[in-house]
Structures are given as C-alpha cells and as structure tokens.
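The block underneath contains the structure these notes are about, expressed in structure tokens.
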Amino acid sequence: MKELHYDTLDSPIGTIVLVVDGEQMCSLDYTDYEPRMLTLLRKRYGEFHLTRAADPCGFSSQLRSYFAGDYRCLDAIPVNTGGTAFQQQVWSALRTIPAGATRSYGQLAAQLGKPTAYRAVGAANALNPVAIVLPCHRVVGADTSLTGYAGGLERKHWLLQHEGKTLL
C-alpha cells in the first residue's frame, strides 16, 4: 500500500490539506473539498495510507510564505500530478502564468498549440490536483470573467486579488 504524507495549514481562505509523495507534492486542496481530493488520490494510487507529517519537504512553510506575499516561492515546488499527457501539459503551462496575471482557456489552448481545445483545457484545469502551486486560479473566461474553480469562486477571487490582480 502506498504511503503518502500530509499536512494541514490554516490560510486566509480556509484550511488547506497538502499531500506529498516522496519529495513531490501530489495534492493540494481545501478541507471542505477533502472528499474530492481523496477520490482523485484513489483514482491515481488505488489503495494508499495517509500519514501526518509536520511541514513535509518544507512545503507547508513555502505555502505560508506565499500567503505572506512571496508569490515566487511556489515555483520551485516539485509536483507529481499523474493524469494524462494532455492534462500534464495543461498543468505545466499553468506555471507559466505570472502572479497577478490571467490567461483565458483559449489563450492557454493556443499556447499549447491546440487553439480549438479550450474546452479540453477547461476540463483539465478543473481536475488540477495541486491547487495554488499549479495556479489554475489564474485561468479566466474569454471575457475575463471568473469562471469555475474547484475550490469555489470566492477563493479564486481572493487568490487573484492577493497576487495583485485588479478585478472589476
């Protein structure tokens, strides 16, 4: 049975659960979305055991730094996302969106060389297992509206404002 380590931390947008596989983050979600997180982990790992760990790999500390205003500190966190090759492309592309900026699903699809795949980009974005670190909150609708966020639109709005994005 696969052993994964987890930690929880309080944040301005609720309690966060992060899960680590070896030396890589494999999940980050909010405690009120824990059933979704566990479903995604089961789909990926089958049976697994979660063991509490204090600040695994220093990732909890890095998240605290992000919430304190160091937006670049998450860039170096290694992730292990699983997923299809296309999903991995989308999730990797999320890291190219700078803090305080946004991209539309269509812009992200074009960046991947698949300009008509904006719906597939949206579907992949919705299944991002490592929220905040892979900043799916920076993806918006074509009209710049805040569309979809697995953690809730209030959190998406907060994260974008925290990063300095001016929202109407």
Test salt bridge (charged side-chain N to carboxylate O under 4.0 Å, His left out) on R52 and D7; report intermediate values, then the result. CA-CA 6 Å; R52 185 159 189 109; D7 195 9; 3.6 Å; yes

Under 3.5 Å, is there a donor-acceptor pair linking the side chains of N125 and R138? no

Any donor-acceptor N/O pair, Q88 side chain to G83 backbone, under 3.5 Å: yes

Atom CG in N80, atom CD in E23: separation rounded to 0.5 Å? 12.0 Å

Under 3.5 Å: donor-acceptor pair, side chain of S92, backbone of Q89: no

Minimal non-hydrogen separation, C73 against S65, with atom names: SG-CB, 3.8 Å

Which of K156, R155, E163 passes side chain to side chain donor-acceptor pair (under 3.5 Å) with H137? Answer is E163

How many angstroms lie between atom CG of N128 and atom OG1 of T81, to the nearest 0.5 angstrom? 8.0 Å

Consider only side-chain heavy atoms of I, L, V, M, F, W and Y, link residues closer than 4.5 Å, and tell whether L134 and I77 are in one cluster. yes

Looking only at heavy atoms, the pair that brings P56 and A53 closest together is CD-O, 3.5 Å

Heavy-atom pair of closest approach, residues W91 and L127: CZ2-O, 3.4 Å

State, to 0.1 Å, how close V79 and Q24 come at their nearest heavy-atom pair, and which atoms those are. O-NE2, 3.8 Å

Option from L41, L18, V130, V20 for which side-chain contact (heavy atoms from CB on, under 4.5 Å) with C26 holds: L41

Can you give me the closest heavy-atom contact between T84 and Q87, atom names plus distance? N-OE1, 2.8 Å

Within one Ile-Leu-Val-Met-Phe-Trp-Tyr cluster: Y33 and V19, side-chain cutoff 4.5 Å: no

Would F86 and Y118 show up in the same hydrophobic cluster when neighbours are defined by side-chain heavy atoms closer than 4.5 Å? yes

Would you compute the distance between atom CD1 of I13 and atom OH of Y30 and round it to the nearest 0.5 angstrom? 3.5 Å

d(I16 CD1, D29 CG) to nearest 0.5 Å is 9.0 Å

Separation of D21 CG from E3 CD (nearest 0.5 Å): 10.5 Å

CZ of F59 to CZ of R64, rounded to nearest 0.5 Å, is 13.5 Å

So W158 and H162, would you call those rings parallel, tilted or perpendicular, with 30° and 60° as cut-offs? parallel

In plain terms, say whether R95 and D75 are close enough for a salt bridge, that is, a side-chain N and a carboxylate O under 4.0 Å apart. no

Would a hydrophobic clustering, with Ile, Leu, Val, Met, Phe, Trp and Tyr connected at side-chain separations under 4.5 Å, put M37 with I132? no

P135 to L94 - nearest heavy-atom pair and separation: CG-O, 3.3 Å

Checking the side chain of D55 only, and the main-chain atoms of S61 only, is there a donor and an acceptor separated by less than 3.5 Å? yes

Please confirm whether the backbone N or O of L108 pairs with a side-chain atom of Q111, one donor and one acceptor, at under 3.5 Å? no

